[in-house]
Amino acid sequence: MPTVDIDTDELRELTGHEDKSDEQLRDDLFELGLEYEGETEDGELRFEFEPDRLDRLSVEGVARSLRYHYGDSRGVHVPGTNDAEWTIEVEDVPEERPYVTGAVVRGLDFSEAAFDSLIQLQEKLHATMGRKRAKGAIGVHDLTMLKGEAGTDDSEKCIRYTGVDPDDARFVPLESNDAMTPAEVIEDHHIGKEYGHLVEDMDRVPAIYDSIGLFSFPPVINGSRTEVTTDSRDLFIEMTGTDQWTIDRMLNIVCYALAARGGTIEDVRVEYETAPEEYPPELVRPDFSVTEKAVAHDEIETTLGIDLGEEAVLDLLERSGLDGHPTETEDGNAAYDVEIPPYRVDVHHPVDVIDDIGRAYGFNELEPRYPDVGTIGGRHERSRLERAVRETLVGLGFQDLLNFHMTDEAEVSTRMNLGDAEAVLGAAEPVEIKNPYSEDYTVTRSWLLPSIMQVLENNTHRSYPQDLAEVGWVAHRDDEQNTRVAESRHVAAALARHEVSFEDSKARLQALVEAFDAELETPPTEHPTFISGRAAEVVVDGDAVGVIGELHPKVLVEHDLELPVVAFEFDIEALR
């Protein structure tokens, strides 16, 4: 989940509540859905929050939410913008990265904390909405170091977004004193090595020029000439990417954060040589358009389980940073046209608005009540089985895990050495998320062992042995299902020890299966995740339900493990 590091002194200053203690701030933020995760080495507080609220990736965004929570701000706020002086001309741009947007922000007075917050916001947006710069990348430049050239519209403040041969153009990148070509940056610069893969297959790489020369090589690195420091007062912000909507919304979040620091926003014209789909040839950015979402009154009351009058709903909407206008549905029932501010990228459905209303009302204020049904709740048979399996695994010395259901395809396939394998556990096509917020969570996991391996990878600094197990949900594509998704629950366990073998894993598996009065067989099999000749099928009561074995050295190296690991995984239904 995304995290944000917050300087509480900055938070108190930006909210205007100097009297709030750190403990009170933690409690208030918890009501907004931000969970305290501890302190950083610098004494800042770290919070985890829902991945959809990307407007809270900076202390400025968190402070804005708190001001609404405290009632100090109400309704939709849209910063004013000054008319455009600068133009970005887009011509002969690489088709792999055709879109650009931008804004000018003037009159900033950066403190160290404000500067660090901008850097953090840029990094967090790259990691989430920008999908590690693949979908959107941010360039922030000192405006005073730019010299505009004459544009086609006779503007003298024009820069060009174009494509260049990676061996032709030269510039001095950040953290370097020598002029380099884009190809040399990819080959020799540490940032180029990290992000060069985004452009290495392009014949012509993205580049941004002013009249002096190349000053930005997106999405890899900016030039040192326009480097931003705490002394910078006026900024030029450019963003390039594969989707206009995404980079426009990323720009809105950055502009709102800088406006909270006293900056004045100035429009930038974007002129396309070939207009992108659904957009005119000339855009004026940032796009601070307010969108609307219709929400029915009875849907609000039904979802939250409370009775609310019209005035109460309108008040709660304003305290959420939204604006509502009473209207009616096609059936004549009460409803609201709700205005959504331009920094909110998460509102796609009426339930998103209802969630805001519920938080403004206070989920802790909702009174529990018994459902109007004639039955008594109890554990589901499936839940009882899962609980029994977990308790048995803990009794066998395993630590019980609860990992995320979502991951990325490389974790469940490439890093587990599956390659083009078919008809083995884990090789089924995972369920892909159509519009993921982060590159780290693009599919649902199709088996459990990759999740356990990630935990082992993240815990190499801890002592061994590490015996880990999980009972959890998995899913894969299956066109024979009416949902086209096959769901099941698996059991997986791994032993990471300096001296461990197939027999150690089988002994635990045998004890687990016998605890449920079932018979276990382990005939030899081949599975690319495991060492050839050291893997077997898990056959319970005559049915092949899983796999067991010693993990392949390639899998261990991929996860930075320097000791052997044995593991097993199978479908929990075999123990029913």
Hey, mind stepping through Asp5 and Val59 against side-chain contact (heavy atoms from CB on, under 4.5 Å) and telling me if it holds?
CA-CA 8 Å; Asp5 300 337; Val59 65; over 6 Å; no
Steps toward salt bridge (charged side-chain N to carboxylate O under 4.0 Å, His left out) verdict (Asp52, Arg344)
CA-CA 9 Å; Asp52 54 347; Arg344 291 290 299 272; over 6 Å; no
Tyr361 vs Ile300, side-chain contact (heavy atoms from CB on, under 4.5 Å): CA-CA, chis, key distance, verdict
CA-CA 12 Å; Tyr361 182 87; Ile300 297 172; over 6 Å; no
Evaluation steps, side-chain contact (heavy atoms from CB on, under 4.5 Å), between Asn403 and Gln454:
CA-CA 10 Å; Asn403 286 304; Gln454 284 182 270; over 6 Å; no
For side-chain contact (heavy atoms from CB on, under 4.5 Å), just list the numbers for Glu573 and Arg489, CA-CA rounded to whole Å, side-chain angles, deciding distance to a tenth of an Å, and then say yes or no.
CA-CA 8 Å; Glu573 287 298 313; Arg489 280 170 167 75; over 6 Å; no
Starting from the C-alpha separation in whole Å, work towards a yes-or-no answer on side-chain hydrogen bond (donor to acceptor under 3.5 Å, both in side chains) for Asp22 and Thr8.
CA-CA 7 Å; Asp22 285 2; Thr8 50; 3.1 Å; yes
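Looking at Arg576 and Glu381, their side chains come closer than 4.5 Å, going by heavy atoms from C-beta outward. Between Tyr161 and Arg97, some side-chain heavy-atom pair lies under the 4.5 Å cut-off. Side-chain contact between Leu25 and Leu66: present, with at least one pair of heavy atoms (C-beta onward) separated by less than 4.5 Å. In this structure, the side chains of Tyr195 and His126 stay at 4.5 Å or more apart for every pair of heavy atoms. Annotation: side chain of Thr407 is not in contact with side chain of Pro450 (no heavy-atom distance under 4.5 Å). Under the 4.5 Å side-chain criterion, counting only non-hydrogen atoms from C-beta, Thr240 is not in contact with Pro206. Contact of the Val471 side chain with the Leu393 side chain is registered, since non-hydrogen atoms from C-beta on lie closer than 4.5 Å. A 4.5 Å side-chain heavy-atom check between Lys124 and Leu121 finds every atom pair outside the cut-off.
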For a quick test of your reading: what N or O donor-acceptor pairs under 3.5 Å do the side chains of residues 325-332 make, sequence neighbours left out?
from, atom 1, to, atom 2, distance (Å)
His325, NE2, Glu339, OE2, 3.1
Thr329, OG1, Asp331, N, 3.3
Thr329, OG1, Asn333, N, 3.1

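Taking the side-chain contact (heavy atoms from CB on, under 4.5 Å) definition, one finds that Lys135 meets it with Arg131, Thr242, Asp243, Thr246, sequence neighbours left out. Looking at residues two or more places apart in sequence or on another chain, you find a side-chain contact (heavy atoms from CB on, under 4.5 Å) between Asp19 and His17. Residues satisfying the salt bridge (charged side-chain N to carboxylate O under 4.0 Å, His left out) test with Arg415, not counting sequence neighbours, are Glu411, Glu457, Glu558. In terms of the salt bridge (charged side-chain N to carboxylate O under 4.0 Å, His left out) criterion, Asp352 has no residue partners (sequence neighbours excluded). With sequence neighbours excluded, no residue forms a salt bridge (charged side-chain N to carboxylate O under 4.0 Å, His left out) with Asp7. For Asp355, the side-chain contact (heavy atoms from CB on, under 4.5 Å) test picks out Arg359, Phe363, with sequence neighbours left out. The side-chain contact (heavy atoms from CB on, under 4.5 Å) test applied to Glu429 returns Arg477, not counting sequence neighbours. With sequence neighbours excluded, the residues forming a salt bridge (charged side-chain N to carboxylate O under 4.0 Å, His left out) with Arg261 are Glu10, Glu60, listed by chain and number.
Between Val485 and Ala475, the shortest heavy-atom distance links the atoms CG1-CB, 3.9 Å. Between Ile247 and Gly136, the closest heavy-atom pair is CG2-CA, 3.9 Å. The nearest pair of heavy atoms linking Thr444 to Pro430 is O-CB, 3.7 Å.
In this structure, Glu18 places its CD atom where more than 12 heavy-atom neighbours from other residues, nucleotides or ligands lie under 6.0 Å away. Counting non-hydrogen atoms of other residues, nucleotides and ligands closer than 6.0 Å to OH of Tyr70 gives a total above 12. Within a 6.0 Å sphere centred on CD of Glu409, other residues, nucleotides and ligands contribute 12 heavy atoms or fewer. Enclosure of atom CD in Gln399 is not indicated, since only 12 or fewer non-hydrogen atoms of other residues, nucleotides or ligands lie within 6.0 angstrom.
Arg56 forms no cation-pi arrangement with Phe47, by the criterion of a distance under 6.0 Å to the ring centre and an angle within 45° of the ring axis.
Under 4.0 Å is where a charged nitrogen must lie from a carboxylate oxygen, and between Arg53 and Asp55 at least one such pair does.
Rounded to the nearest 0.5 angstrom, Leu32 CG and Asp27 CG are separated by 11.5 Å. For the atom pair Leu401 CG and Glu470 CD, the distance stands at 6.0 Å (nearest 0.5 Å). Atom CG of Leu45 and atom CD of Glu39 lie 5.5 Å apart (nearest 0.5 Å). For the atom pair Tyr343 OH and Ile253 CD1, the distance stands at 10.5 Å (nearest 0.5 Å). Distance CG/Leu57 to CE/Met250: 10.0 Å, rounded to 0.5 Å. Note that CD1 of Ile6 is 5.5 Å distant from CG of Leu29, once rounded to the nearest 0.5 Å.
Under the salt bridge (charged side-chain N to carboxylate O under 4.0 Å, His left out) criterion, the residue pairs touching residues 283-304 are Asp248-Arg285, with sequence neighbours excluded. Sorted by first and then second residue, the salt bridge (charged side-chain N to carboxylate O under 4.0 Å, His left out) pairs involving residues 307-324 (not counting sequence neighbours) are Arg74-Asp315, Arg74-Glu318. Note on residues 277-306: pairs passing ring pair (Phe, Tyr, Trp, His ring centres under 6.0 Å), not counting sequence neighbours, are Tyr256-Phe288, His297-Tyr336.
Classified by interplanar angle (parallel below 30°, tilted 30° to 60°, perpendicular above 60°), the ring pair Phe404/Tyr441 is perpendicular. His348 and Trp245 have tilted rings, their planes meeting at an angle from 30° to 60° on a 0 to 90° scale.
A donor-acceptor pair shorter than 3.5 Å cannot be found between the side chains of Arg387 and Ser383.
Distance alone, capped at 3.5 Å, places no donor-acceptor pair between the Ser413 side chain and the Ala410 backbone.
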